[in-house]
Structures are given as structure tokens and as C-alpha cells.
Chemist: 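Sharing a structure with you now.
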Protein chains: 2
Amino acid sequence: MNDKNDIIRSGNIANCEKFLEIISNKTPMVVIVIGNTETGKIPGISAAGANPEITDFTPAADIEYLYYNYCKTIDGVPVTPTGIPTPAVITKAVLDLTNMPLMALIGGVNILPQTPYISVGGIGGGDISKGNSVSDAEVVFENAKLFGENLAKSIEYLVIGESIAGGTTTAMGVLTALGYNAWTKVSSSLPENPLDLKQKIVKDGLKKNIILEENPISNALEAVSKMGDPMQAAALGLIAGSAPKVPILLAGGTQMAAIAALVKALDPKLLQNIAIGTTRWIIEDKGSDIQSLVNDIDSNLPILAANLNFSSMQSPGLQVYEQGIVKEGVGAGGCTIAALVSENNISLEQIHQKIEQNYEKLVQK
Amino acid sequence: MNDKNDIIRSGNIANCEKFLEIISNKTPMVVIVIGNTETGKIPGISAAGANPEITDFTPAADIEYLYYNYCKTIDGVPVTPTGIPTPAVITKAVLDLTNMPLMALIGGVNILPQTPYISVGGIGGGDISKGNSVSDAEVVFENAKLFGENLAKSIEYLVIGESIAGGTTTAMGVLTALGYNAWTKVSSSLPENPLDLKQKIVKDGLKKNIILEENPISNALEAVSKMGDPMQAAALGLIAGSAPKVPILLAGGTQMAAIAALVKALDPKLLQNIAIGTTRWIIEDKGSDIQSLVNDIDSNLPILAANLNFSSMQSPGLQVYEQGIVKEGVGAGGCTIAALVSENNISLEQIHQKIEQNYEKLVQK
């Protein structure tokens, strides 16, 4: 077992310890669920790409980077508008240091990764502010569930990460549709969370879908299909199929809180086998509040956070993570936690070093 | 362990025992690799569909049947021109009786299954007699290899089955291209093996590709891309990625002998972790000769055959399997073997009963 300080416990502390014990010395299957939406291309909404149009390429490029150590779909790796690299550099370091298998599950995208991937029949999502969200949520959910049922028969536990631009906006969308007060609680990959813009988009969506805050939706798939994104439909299906059999670490920030809310709407029992695994940057973020969100969903839910700290990094591109840019994504926090408790006995120090090594090689290219 | 007579040992008998011991009490991942080709639509070449055009739908329908117990892409289940059901009824019975997970890997098809599936970037194959075979063999191989490397990290062993119409003709194609005398040795789903037609197609293909029998191809992927099918490209990649780590049961007849020949051309060492698992109908077939083929490829290779016997079946549609119709496919023989040695301790009698039960329900529909 690693240094106790390497993983921050939040949410239900007793359940944090219990969950960490369950996954200790085990190897997870890492599934990164990806999606694209028109919501993600609204200017100012996402830092998952140098400009709005390129966000369509970001999830595919993230998967390619994890598999090949370089991207095929774009030159270089995905960066924010100010050139800060994708959090996939964290996930990649973990995969390099451990023996964790990786699969990519396509929720629905406009650009497919040039890698092996699992299709569940989805297409790219719409713009929730225009009342278009996920037209095929049910098909995606059912196929992902079937895949999850089969996958769960061969694995010890599951880490689910995501890559989707605009994902915190659609997280606010489904959370609000399900009746949670999420207006100021979802996170952002930008240093300044554009909450006003997100709130406007979500409010427009609620209006278009005639959803009243005082009369929320109770059905998970209806919430996704009206106010969500294809990543959510696929992740929810994957969980519905596998959580009855294996523990699941939801590797992400407030987007994964939205997934937890959807799981609760679908079948609250499934939450007993689930924890959220994220980064220190998320749980210390002043611009969002994952603890409050999770508390409203299920106060029993463990929140684990990898105590990643880039303040000693030599590379400015990594150091600025400490200023709250990017924060999380592509399963970064959850994969780090999985590595820390794995039988490989990886230390946070090793992960930090590997991240910097990998990043330096990227920059040299 | 089951009754010893339930699994027929052929090829290298000592290695048969060794392989059976290795997989005993383990649960495999079952991956069915599917493909379509224009070769498969040449009239008279395949019984994998009621007529040539519908063979495009057969692999997708087989996968749907395994997952849902009914097909979405077609009415009913795939049948031969005389109405005999797909060997997927055998595979399905095994999956119903055991806890084996199932995945569908798309080598390259014209009709996708309405299920979750793994894409490795392939498209439907051409007509080898016209010199068109698998244009994207390398991409399919590389992606399938990457998938196999990751899958192998989470499984005990792998059963690889196939569904592709015209697959024994493309098996003859690659075997001949690789220098094996396969002219009279590949099997057929038809009661009378149309060997003359297959030979003509393969000879036309060799001519178009300027491949001389006395100067065969040594490169596995070149053989597939000139004379093979997309199933082979994907299966070969899957094996290349996973055989270094887990044992593999190639679940099929002479098509899997062709895969073994391709594996040998790629890397003979990989064959040490491989066995062929098929049905009694294949190894007792007078119209083909899997033993001789395997002996030419590698005399150390174990050939295992499930001692399936439908002579006591009440349903005429199953009983005629004893006349040499269908014989094998969709992993039927290999999955049966996996069930017989599994910790579930399934008997051949139970499998026979379950097949008839499932088939009766199908017919009633």
C-alpha cells in the first residue's frame, strides 16, 4: 500500500477506506468513454482543444495518444487554447508504469480514433441549448450495458474515464434536469469557470425541453436524451451492465458526479459498488463543488482524489496545472489512484517523474 | 473433468492433453470475428445463408442471435439454402450454460450487427478470383493486435470463432498462396463440397496476383491482402497481440487451419500457445482433411474436436447435421470444448439438450 497522503479521502470516509481496500492489489480494466457534442463547440465553453472546431478531434486524439504515444488524427497532442497539454499525459504515464489494459468506448463522436474501439451504435450529440441532445440514448445505453455485462465476467474491477469537450456543461444539464442544484458546482477545464455561459446554455435547454426546475425528470435516460451527451449514455450503460458484478471507479470530476446522479436515477443500488476517483485539483477547486454535489446525490459515495502536485515540475506546461487549468480528464485521477493501490506498488513520485519524462519527449517532437 | 470421449484428440495427442490441462477449470473470453467478402457471394460457394446476397447479413445475424437469442438484422436466424440453422445454435447453448463472456470483433463487413462490437477499421473484402481481397489488411491487423494485447491482460484464455460466408474458399486461397497443398483439403458448409468451384476461384486469384505455386508468398499479411478475407486479418492480429500472453483455442475447422498457417508465417513461436478446437463433423469429414493440413503446417499443433452428435435429436433441422451439412462455424466446436473442461462441469448431454431446447423455441417462433 502506498503512502496514505497520496490519495485524499473525501465524501464518506469510511466507504473510501472500504473501496480502497477492495481494489487494492487488483488490476482494473480502464475504459475511456468518448463523445462529441455541438454543445462543446459553443465558443468559450471548453478548453479541450485549441479552438472550438478542433474539440471534435480531441477525444479521438486522446485515445490515440494513450495507445500509440502520439496522435494520428491531429499533429501533436490535444492542448488548451493556451497550449497546455491534455490530462491524457497523466493517464499515459500510469498506463506506462502498470499493466492496466485499455479500451475505448465510443459514446458517439464525429471523429473516430484510429485505434481499436468499441462501438455501441452512437452518433455525435447536439447542442442542448437548442433542445438537441442525444437522440439515440436508449440504443447506446442498451448496447453499452450488454458490453458491460460481458466485460464484467473477465475483469477484477473497472475504471471509467471520459474525454468529451463541453462535458461539464452537459453534466450541469443532466444534474439540473434531475433536480439537483448544480448551477455553481460543476468544474471547468478553463482557469476561469464560464459559469454564466453554462447556466445560459442549460437554462435555454430546460426551456426548449419544457423541463421545470420544480418538476424535474426522474428517468435517467430521458435526462440524457434531453440535456446530456453521448458519453453519459454509454457510461451509464456500461455501469448498468457491470456494476452488479464488479466495483467501478468513476475516473473524473464533476462529470462523474453527473454520472453518479444518473446511476441513482436508474437504480440506486448500483451506487453501492461505485466510487468517484479524481484529482486534487478538482476537490480543491474554488470554482466548483464536487463534495456538495456528491452529498446531494448520495452521502455514502466515496470521493477519492489523487494527490497530484505539479508545482515541482520543470516544464511550464505542466506547472500551470497548479493554476487550475485542465484539472482532470481522460481518467487521469482515477487511473492514478488505481496505480497507487495496484500490486505494482507505484508511488506518486514515480508517476510525477513519468509524466514529466513523457511530456518532455512530446515537447521535443 | 468431463468424460474423456466427449473431446476427440487429434493432431499431436500429447499436446492435446497438455492444452486441455492448461484450459481446464478456466473461463475463456469468446471473441467471434466476422467478415463479409464478395467471394462469399459467388453462387454455389457457401451455405451460410439462404441465398448468396443474404450471406452479407449472416455474420451480423449470428452475433445478434448469440447476444439476444433472436436476430435484429434478419427475420428468424441464418439458415442454409435448405433451411438448416446456423451453428450459432451450438455456441448459444454453450453460452447459456456457462459464464463465458462474448465479444464480436469486426474484421470487415457490409452489414454491421446491431450489438456492441469491436471495430478495428476494416471494410468488407473483395472477390479473390478478381484479384481483390483485403485492401486494408495491415490496418485491421495492427488495430486487432493492439486490442489483443490489451484484452490478454484481463483474461485467462481466448476462444476465437468466426462467421464469414465463403470462408473456406479464402482459407484455400491463403493456404495455397503460402505454398500449402490445400486443393482438396478445405471443408464446406454444404453437404457436397464444391471443390471444383473453389479451385477455379483460387486459381483465378493466383493468376490475377501473379502468385506461382512453386514460388509461394512468405508474408502472412501479403497472403491475406491478396488471397484472403477480413476475418483472417483481424483474427491474425488478435492472435499476434494475445498469444504471447494467453493460450488460444482457434474455434473452427479448416478456416482455423488457414489461420494457423498465417500465424506460422507471421511468427512460428506463437503456435506454441495455440490449439484448434472443432467438431466431430469436421474431423470425420470425407470431403476435407484438416489433419493433413495441420500436419503440413505444424505437426505439434493439437486438434481437439467436440464429440457432438445430433443423431438422437428430435428436430430434423438438427438431425441433418449428421449428414455433413453446416459442420462447424461461429465457434461452435471450440466453445463446446471450453464448456466441457470449464469449472461449470457441463456435460455433452446437457449441451445437446440445451441445443434442442433452444432450437425448438426458435422453430416455434
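The sequence lines fix the lettering, A, B, ..., with proteins before strands; numbering per chain opens at 1. This is a predicted model, so every value here is computed, not measured.
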Chemist: For each of A:Leu151, A:Leu105, A:Thr115, tally heavy-atom pairs with chain B at distances under 4.5 Å, and name the one with the top tally.
Modeler: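 Winner by heavy-atom pair count: A:Thr115.
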Chemist: If you measure from CD1 on B:Ile34 to CD1 on B:Ile106, what distance do you get to the nearest 0.5 Å?
Modeler: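 Going from the CD1 atom of B:Ile34 to the CD1 atom of B:Ile106 covers 3.5 Å.
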Chemist: Give me the atom names and distance for the closest heavy-atom approach of B:Pro230 to B:Thr37.
Modeler: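 Shortest heavy-atom separation between B:Pro230 and B:Thr37 comes out as CD-CG2, 3.6 Å.
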Chemist: Determine whether B:Thr86 and B:Asp62 satisfy the following criterion, side-chain hydrogen bond (donor to acceptor under 3.5 Å, both in side chains), listing intermediate values before the conclusion.
Modeler: CA-CA 8 Å; B:Thr86 169; B:Asp62 276 335; 2.7 Å; yes
Chemist: Which atoms of B:Met103 are under 4.5 Å from chain A, going by heavy atoms: the side chain, the backbone, both sets, or neither?
Modeler: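 For B:Met103, the contact with chain A is made by the side chain alone.
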Chemist: Under a 4.5 Å heavy-atom cutoff, which of A:Tyr117, A:Tyr68, A:Tyr67, A:Phe147 has the most pairs with chain B?
Modeler: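 Most pairs with chain B among the choices: A:Tyr117.
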Chemist: Does any backbone or side-chain atom of A:Glu149 lie under 4.5 Å from a heavy atom of chain B? Answer side chain, backbone, both or neither.
Modeler: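 Contact with chain B: none, neither part.
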Chemist: Could you give the distance from CD1 (B:Ile63) to OG1 (B:Thr91), rounded to the nearest 0.5 Å?
Modeler: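 The CD1 atom of B:Ile63 sits 9.5 Å away from the OG1 atom of B:Thr91.
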Chemist: Between B:Lys245 and chain A, with a heavy-atom cut-off of 4.5 Å, which part of the residue counts as in contact: side chain, backbone, both or neither?
Modeler: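 When you check distances to chain A, only side chain atoms of B:Lys245 fall under 4.5 Å.
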Chemist: Heavy-atom pairs under 4.5 Å with chain B - which of A:Asn99, A:Ile155, A:Ile118 has more of them than the others?
Modeler: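 Heavy-atom pairs under 4.5 Å are most numerous for A:Asn99.
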Chemist: Under a 4.5 Å heavy-atom cut-off, does chain A meet the side chain of B:Gln114, its backbone, both or neither?
Modeler: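 Backbone only.
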Chemist: Would a 4.5 Å heavy-atom cut-off, applied to side chains only, mark B:Ile248 and B:Ser242 as touching?
Modeler: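 Yes, their side chains come closer than 4.5 Å.
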Chemist: Side chain, backbone, both or neither: which part of A:Thr27 has a heavy atom under 4.5 Å from chain B?
Modeler: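 Interface part for A:Thr27: neither.
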Chemist: Taking the side chain from B:Lys92 and the backbone from B:Leu66, do they hold a donor-acceptor pair closer than 3.5 Å?
Modeler: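 Yes; at least one donor-acceptor contact below 3.5 Å.
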Chemist: Keeping A:Asp136 on the side-chain end and A:Ile123 on the backbone end, is there a donor-acceptor pair under 3.5 Å?
Modeler: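 Yes; judged by distance alone, with no hydrogens or angles, the pair exists.
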Chemist: Can you tell which of B:Val120, B:Val139, B:Leu102 has the highest number of heavy-atom pairs within less than 4.5 Å of chain A?
Modeler: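 Looking at each option in turn, the highest pair count goes to B:Leu102.
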